[in-house]
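Keep in mind the model is a prediction, meaning the values are calculated, not measured. Both ligands and their constituent atoms are indexed starting at 1 by order of listing.
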Amino acid sequence: MTDQPTPAYTGPERVVSGVQPSGALHLGNYLGALKKFVAYQDQYPCFLFVADLHAVTVWQDPKLLADQTREIAAAYLAAGLDPKKAVIFPQSAVRAHSELAWIFNCVARLGWLDRMTQFKEKSGKHKERSSVGLYTYPVLQAADILAYRATKVPVGEDQRQHLELTRDIAQKFNNDFETPGFFPLTEGLIAGPGARVMSLRDGAAKMSKSDPSDNSRINLTDTPDDIAQKVRKAKTDPEPLPETEEGLAGRPEADNLVGVYGALAGKTKAEVIAEFGGKGFGTFKPALADLAVSVLAPVGESLRRYLADPGEIDRVLKDGAERASAVADPIVEETRRIVGFWRPN
Ligand code: TYM
């Protein structure tokens, strides 16, 4: 896809990621993204935004959008992010994202975007009626990442293709403008059993905000009773859990629940199997429900507390936008210079 290898980027390590403000967050968002953000905030400078520019690629009610943005920021804080360490901000408040996205729209190739599976899923049968923004959405994502020259991006498995595109854009920019190593070839932090949490009603479908069945997902705002009940009702097969991890093959629901247990407990699937192998779901599900409640109920409670204080959330977002701009603006300024845009002599 790209021409030549680029000499390595040698700048500082930075972490960037974002979550769209387009519906209540669920266990997949928590395990695939938020929990990892919290783990990285002590290791690297982290730039974590609310992806409101991405959200408007499909219709959003203007009366609700700002509050939806605050809700995601509240979830970041409730999950344990410390705004003194991590930079938390609304994507649209840092203009560097949109400006770099335009330049990258002129670097990325149509053929690359044609291969993006998420556009195909999201546009469905109505490709002609989708917004142009929905199509070029992964290019904006590349700009989100490279406006900070981020080296690491913690995300769930569904974002893997977008990260590959980000690397292709970085490499083509570096090659086309003969600026080797200017943009890094960003690494996705995707590993672990929480990277792809499946629906509780169908082990073959991703847990998703857009699934019409609320029983398919555990929401961060669910009460302990809701959480326990959803785990109890989760679809399973009649066999006990296998004695080895390989025995999970061909058993998507069992595999998913073992993965969720592992991700919540900070264990591998093999360790979960070592504990529960040979036991039936009658034993495993109550243990999973207890664990899920013990991890998620405090997050939900904290989320409600933050939501009751929107002034505090706004202070975090405003401060974050300033700190984010202070890093991204000089990088985009340098990009403008490389592209050759007019500047006064
Ligand atoms: P979004 O808002 O759909 O999802 C937010 C994060 O949650 C992860 N995720 C999951 N992880 C595991 N299992 C699941 N079932 C599951 N569902 C969602 C996603 O992988 C994601 O990490 N395009 C992104 C937002 C974005 C972004 C970025 C991310 C915009 N710019 C730059 C990283 C870097 C999105 O729509 O995520």
Side-chain angles (χ1 to χ4, degrees), residues 14-37 40 46-58 60 68-69 71-72 75-76 79 89-92 94 96-98 100-101 104 116-119 121-122 133-134 136-167 169-170 186-211 216-220 252 255-256 259-260 262-264 324 328:
R14 289 193 189 113
V15 167
V16 161
S17 199
V19 175
Q20 290 195 64
S22 49
L25 292 188
H26 54 68
L27 180 66
N29 301 125
Y30 178 74
L31 294 176
L34 270 57
K35 190 168 186 267
K36 292 188 201 157
F37 300 171
Y40 289 113
C46 288
F47 296 82
L48 302 168
F49 57 88
V50 184
D52 52 356
L53 295 173
H54 277 107
V56 298
T57 58
V58 298
Q60 301 294 332
Q68 289 167 196
T69 299
E71 277 167 34
I72 302 295
Y76 282 1
F89 59 101
Q91 182 189 26
S92 66
V94 178
H97 294 238
S98 312
L100 193 58
F104 286 170
M116 295 292 119
T117 50
Q118 210 168 74
F119 175 73
E121 283 160 21
K122 288 194 178 173
L134 189 65
T136 185
Y137 170 124
V139 176
L140 174 61
Q141 186 158 345
D144 298 333
I145 294 166
L146 296 174
Y148 303 86
R149 288 167 150 170
T151 50
K152 298 186 186 310
V153 175
V155 278
E157 180 65 46
D158 60 350
Q159 300 298 316
R160 186 182 290 281
Q161 204 184 27
H162 294 160
L163 291 184
E164 283 162 12
L165 183 93
T166 301
R167 279 196 291 278
I169 290 176
T186 309
E187 175 200 357
L189 302 170
I190 303 179
R196 188 166 171 80
V197 177
M198 309 308 278
S199 154
L200 299 179
R201 309 300 306 158
D202 174 4
K206 196 179 68 168
M207 184 176 285
S208 151
K209 297 169 194 171
S210 53
D211 192 314
S216 71
R217 62 184 160 261
I218 295 174
N219 303 302
L220 289 190
D255 187 34
N256 185 41
V260 166
L264 285 168

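At the top of the distance list for atom 18 (C) of ligand 1, counting protein heavy atoms only, stands Asn29 ND2, 3.3 Å. Among protein heavy atoms, the minimum distance from atom 27 (C) of ligand 1 is reached at Gln141 NE2, 3.5 Å. Remark: minimum distance from atom 3 (O) of ligand 1 to any protein heavy atom is reached at Gln20 NE2, 4.3 Å. Ranking protein heavy atoms by distance to atom 19 (C) of ligand 1, first place goes to Asp158 OD1, 3.4 Å. At the top of the distance list for atom 6 (C) of ligand 1, counting protein heavy atoms only, stands Ala33 CB, 3.7 Å. Among protein heavy atoms, the minimum distance from atom 13 (N) of ligand 1 is reached at Val197 N, 2.9 Å. Nearest non-hydrogen protein atom to atom 37 (O) of ligand 1 is Gln159 NE2, 3.9 Å.
Remark: the backbone N or O of Lys152 is not paired with any side-chain donor or acceptor of Glu187 at under 3.5 angstrom.
Minimum interatomic distance between Pro138 and His162 (heavy atoms only, all atoms of both residues): CB-CD2, 3.7 Å. Considering all non-hydrogen atoms of both residues, Leu25 and Val19 come closest at CD2-CG1, 3.6 Å.
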Check against side chain to side chain contact (heavy atoms under 4.5 Å, CB included), Lys122 and Val58: CA-CA 10 Å; Lys122 288 194 178 173; Val58 298; 6.0 Å; no
CA sep, side-chain torsions, deciding dist, call: Leu264, Leu27, side chain to side chain contact (heavy atoms under 4.5 Å, CB included): CA-CA 10 Å; Leu264 285 168; Leu27 180 66; 4.2 Å; yes
Side chain to side chain contact (heavy atoms under 4.5 Å, CB included) between Lys209 and Arg217, intermediate numbers included: CA-CA 8 Å; Lys209 297 169 194 171; Arg217 62 184 160 261; 5.6 Å; no
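Atom CG of Leu140 is separated from atom OG of Ser98 by 6.5 Å, given to the nearest 0.5 angstrom. Going from atom CG of Leu34 over to atom CG of Asn29 covers 7.0 Å, rounded to the nearest 0.5 Å. To the nearest 0.5 Å, atoms OH (Tyr137) and CG (Leu165) are separated by 12.5 Å.
Each of the atoms 12 (C), 13 (N) of ligand 1 lies under 4.0 Å from some heavy atom of Arg196. If you number the atoms of ligand 1 from 1 as listed, the ones under 4.0 Å from a heavy atom of Gly32 come out as 11 (N), 12 (C). Numbered from 1 in the order shown, with element, the atoms of ligand 1 that lie under 4.0 Å from a heavy atom of Gly194 read 12 (C).
In Asp144, the part holding a heavy atom less than 4.0 Å from any atom of ligand 1 is the side chain. With a heavy-atom cut-off of 4.0 Å, His54 touches ligand 1 through its side chain alone. Only side-chain heavy atoms of Val153 come within less than 4.0 Å of ligand 1; its backbone N, CA, C and O stay farther off. Contacts of Phe49 with ligand 1, taken as heavy-atom pairs under 4.0 Å, involve the side chain alone. Residue contacts with ligand 1 for Lys209 involve side-chain atoms from C-beta outward but no N, CA, C or O (heavy atoms, distance under 4.0 Å). Here Ser17 has heavy atoms under 4.0 Å from ligand 1 in both its backbone and its side chain.
Between Lys206 and ligand 1, not a single N/O pair is under 3.5 Å apart. Among the atoms of Gly156, some N or O lies under 3.5 angstrom from an N or O of ligand 1. For ligand 1, none of its N or O atoms has an N or O atom of Pro154 under 3.5 Å away.
The ring pair (Phe, Tyr, Trp, His ring centres under 6.0 Å) check on His97 picks up Phe49, Phe89, Tyr148, with sequence neighbours excluded. Listed by chain and residue number, Glu157, Met198, Lys206 satisfy the side chain to side chain contact (heavy atoms under 4.5 Å, CB included) test with Arg196 (two or more places apart in sequence, or in another chain).
When Ala195, Gly18, Ala147 are ranked by how near their heavy atoms come to atom 25 (C) of ligand 1, first place goes to Gly18. Closest heavy-atom approach to atom 16 (C) of ligand 1 among the candidates Pro193, Ala51, Gly28: Gly28.
By the 4.0 Å heavy-atom criterion, His26 is counted among the residues contacting ligand 1. Heavy atoms of Ser208 stay at 4.0 angstrom or farther from ligand 1. Under the 4.0 angstrom criterion for non-hydrogen atoms, Val19 is in contact with ligand 1. Heavy-atom distances between Gln118 and ligand 1 stay at or above 4.0 Å for every pair.
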